[in-house]
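To start, the structure under review is shown below, and the notes come after it.
Values below: all heavy atoms of this structure, side chains included; hydrogens, waters and symmetry mates excluded. Letters go in sequence order (proteins before strands), and every chain restarts at 1.
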Amino acid sequence: MEVMDKWVAEFFLRRQQNPRVYASPLLSALKPVDSDDCVKLKLTAVLRDISSSLIQGTVDEGMLDLLEILEKLLLQEHSVIMGSLKSAYCWTAVECTLRFMWPVNASDGFFGDALERIWRNRIGMLKEKESDLVTRELLKWESELNKAFEEPEIYQEIRETNIRYNAISHLNQLLKEQWALLGCSSLESEARKRFLKRKDSPYASRRRGNREKANDVEEVGGVENPDGVDKVNEQEQEHEPILNKGDMLVARELKDLLLEIQKLIDPSTRQDQEPDNAMEQSVDVTPQPDGANRTEAEDSEGTSSSRRVRPHLPTPEPLNVSPLKKGRLERPRPRRPMKFWTSEEVAALREGVKEYGKSWKDIKNSYPVVFADRSEVDLKDKWRNLLGRQ
DNA sequence: TTAGGGCTAGGT
DNA sequence: ACCTAGCCCTAA
């Protein structure tokens, strides 16, 4: 396959405008993918298919296939198999079984067949391979489901559990993490490299008004900052304002171009919506924490109760009785000056997460120079930002 | 040591 | 007014 074909395919697969686009037909339209060097493209394809199925609301055995392929690809990359993949696999497997639990009695339908096919054959194979997907959680479900076949009470109980919700939540989480790990597409990183070479290009001064939503982190990749960080950068280190602007610009222009192409291919495509958001909303069933409202409510409650008339006593002077409490009485530490993340740091973080998962300490230790002035907590916070805050 | 809520500066 | 990235605090 031509390098450009590969890049364009990869780039296209990241567009979420049309949920009905699946990776396999697109890839088969191109020449067969040569085995090496294509892991990133393959990963993109698998993630895209998982994402598409999820948008369609399909959580079936095809999804299990995809998750198994994903595991294989990650192993090829020597990446850690993260908890999100294990959980997603487990809950998807349970959900697939649950689909055959619609009759009131276990023996009436195809529950037995499903147990055989999914748990004894498919997961049996995983066990033989000693796959990481076989977790304690999965084994627990296996024994529960086997019991359910014999005992009607357990069968009923499982039937009434909202498995699907869990499956979808974990699959969403998995997608977020994997897209964040992939970073920007080859086409975009190449574009960025070239853009850097001609820093003085007139493009660098062009700006756009629209902001991309958080989800675009996965698509535009290395764009960690909104444009307009010039002030910081004048004084600060190599935060590459031009790189980011250029990156976004190139990505946006490509996006526009692809929209044009897509309109030609599929006239039904609605252009005026924010497709990325639409997709997130339609699929993401994760409950929103709603933190702001809650604290506000608490606050107002607090103030209203504190407005009650009560005897007013002067605030007592703090007594330095316990050395343990000393810390609290001291002036709060001044905030560290804000320092934006460089693309080098982000790249190191991605590599680190691939290798160690969420062991921030290990990641920091394995890139002592890059992360010299970042704490483990900083790494954790940055990763959370890359995922797009929950 | 990590996860997660909350805060703040700086930007739109 | 609202959003985001980065930083802080605290519980487990």
Side-chain angles (χ1 to χ4, degrees), chain A residues 80 82-84 87 169-170 173 176-177 180 183 206-241 243-245 247-249 252 274 276-277 280-281 286-302 324-350 352-353 355-366 368 370-390:
Chain A
V80 143
M82 309 249 274
S84 56
S87 302
S169 302
H170 283 111
Q173 181 60 26
K176 269 188 192 165
E177 284 186 9
R206 272 177 58 189
R207 300 183 73 167
R208 300 279 186 121
N210 272 344
R211 232 181 321 113
E212 303 256 336
K213 279 306 274 181
N215 202 26
D216 271 11
V217 165
E218 74 203 22
E219 300 182 348
V220 187
V223 184
E224 267 75 41
N225 307 295
D227 51 3
V229 283
D230 316 33
K231 218 176 80 187
V232 183
N233 283 286
E234 279 166 17
Q235 57 185 36
E236 281 288 42
Q237 61 297 312
E238 69 296 0
H239 189 56
E240 321 116 85
L243 176 150
N244 282 326
K245 276 186 204 167
D247 202 2
M248 281 180 86
L249 200 77
R252 222 180 283 267
E274 276 282 11
D276 300 326
N277 296 343
E280 269 301 304
Q281 280 163 14
T286 321
Q288 295 304 309
D290 195 24
N293 293 342
R294 188 166 42 84
T295 46
E296 233 171 59
E298 276 169 10
D299 280 351
S300 61
E301 210 176 301
L324 287 173
K325 286 195 171 179
K326 212 184 154 198
R328 280 173 164 259
L329 300 174
E330 276 169 7
R331 291 269 123 238
R333 242 185 305 139
R335 240 180 131 82
R336 274 186 299 158
M338 179 116 142
K339 200 185 149 223
F340 283 107
W341 278 62
T342 63
S343 47
E344 189 197 7
E345 287 172 316
V346 174
L349 180 60
R350 286 211 169 94
V353 175
E355 201 172 335
Y356 300 104
K358 294 178 179 178
S359 305
W360 313 116
K361 191 176 152 58
D362 292 333
I363 298 173
K364 182 174 157 66
N365 288 339
S366 68
V370 187
F371 295 135
D373 45 5
R374 301 284 183 195
S375 70
E376 292 107 77
V377 177
D378 291 334
L379 304 197
K380 180 263 299 175
D381 285 335
K382 181 59 184 178
W383 180 247
R384 177 168 57 168
N385 273 344
L386 286 176
L387 292 186
R389 255 195 215 227
Q390 306 282 305

Touch class at under 4.0 angstrom, heavy-atom based, for R335(A) against every strand present: base
Sugar-phosphate only, base, or nothing, as touched by S375(A) at under 4.0 Å among non-hydrogen atoms: nothing
For [X] and [N], give me the distance from atom [atom1] to atom [atom2], rounded to whole Å.
| X | N | atom1 | atom2 | value |
| --- | --- | --- | --- | --- |
| W383(A) | dT4(C) | CH2 | C1' | 18 Å |
| N385(A) | dA3(B) | CG | P | 15 Å |
| L387(A) | dT2(B) | CG | C1' | 15 Å |
| E345(A) | dG6(C) | CD | P | 9 Å |
| M338(A) | dC7(B) | CE | C1' | 12 Å |
| L379(A) | dA3(B) | CG | P | 11 Å |
| D381(A) | dC8(C) | CG | P | 9 Å |
| F340(A) | dT8(B) | CZ | C1' | 12 Å |

Lys/Arg N to Asp/Glu carboxylate O, K339(A) vs D378(A), below 4.0 Å: no
Selection from dA5(C), dT1(B), dA3(B) that lies nearest to any side-chain heavy atom of E376(A): dT1(B)
Set of salt bridge (charged side-chain N to carboxylate O under 4.0 Å, His left out) partners for K358(A), sequence neighbours left out: E177(A)
S366(A) to P368(A) - nearest heavy-atom pair and separation: C-CD, 3.4 Å
Pairwise distance CH2(W341(A)) to CG(L349(A)) - rounded to 0.5 angstrom: 5.0 Å
Within the structure, does a side-chain N or O atom of [X] lie under 4.0 Å from either OP1 or OP2 of [N]?
| X | N | value |
| --- | --- | --- |
| K382(A) | dG6(C) | yes |
| R336(A) | dG6(C) | no |
| R374(A) | dC7(C) | yes |

dG5(B) base / R384(A) side chain donor-acceptor hit below 3.5 Å: yes
Partner residues of R335(A) under the side-chain hydrogen bond (donor to acceptor under 3.5 Å, both in side chains) criterion, sequence neighbours left out: none
Comparing K380(A) and K361(A) on DNA chain B - which has the more 5′ nearest nucleotide: K361(A)
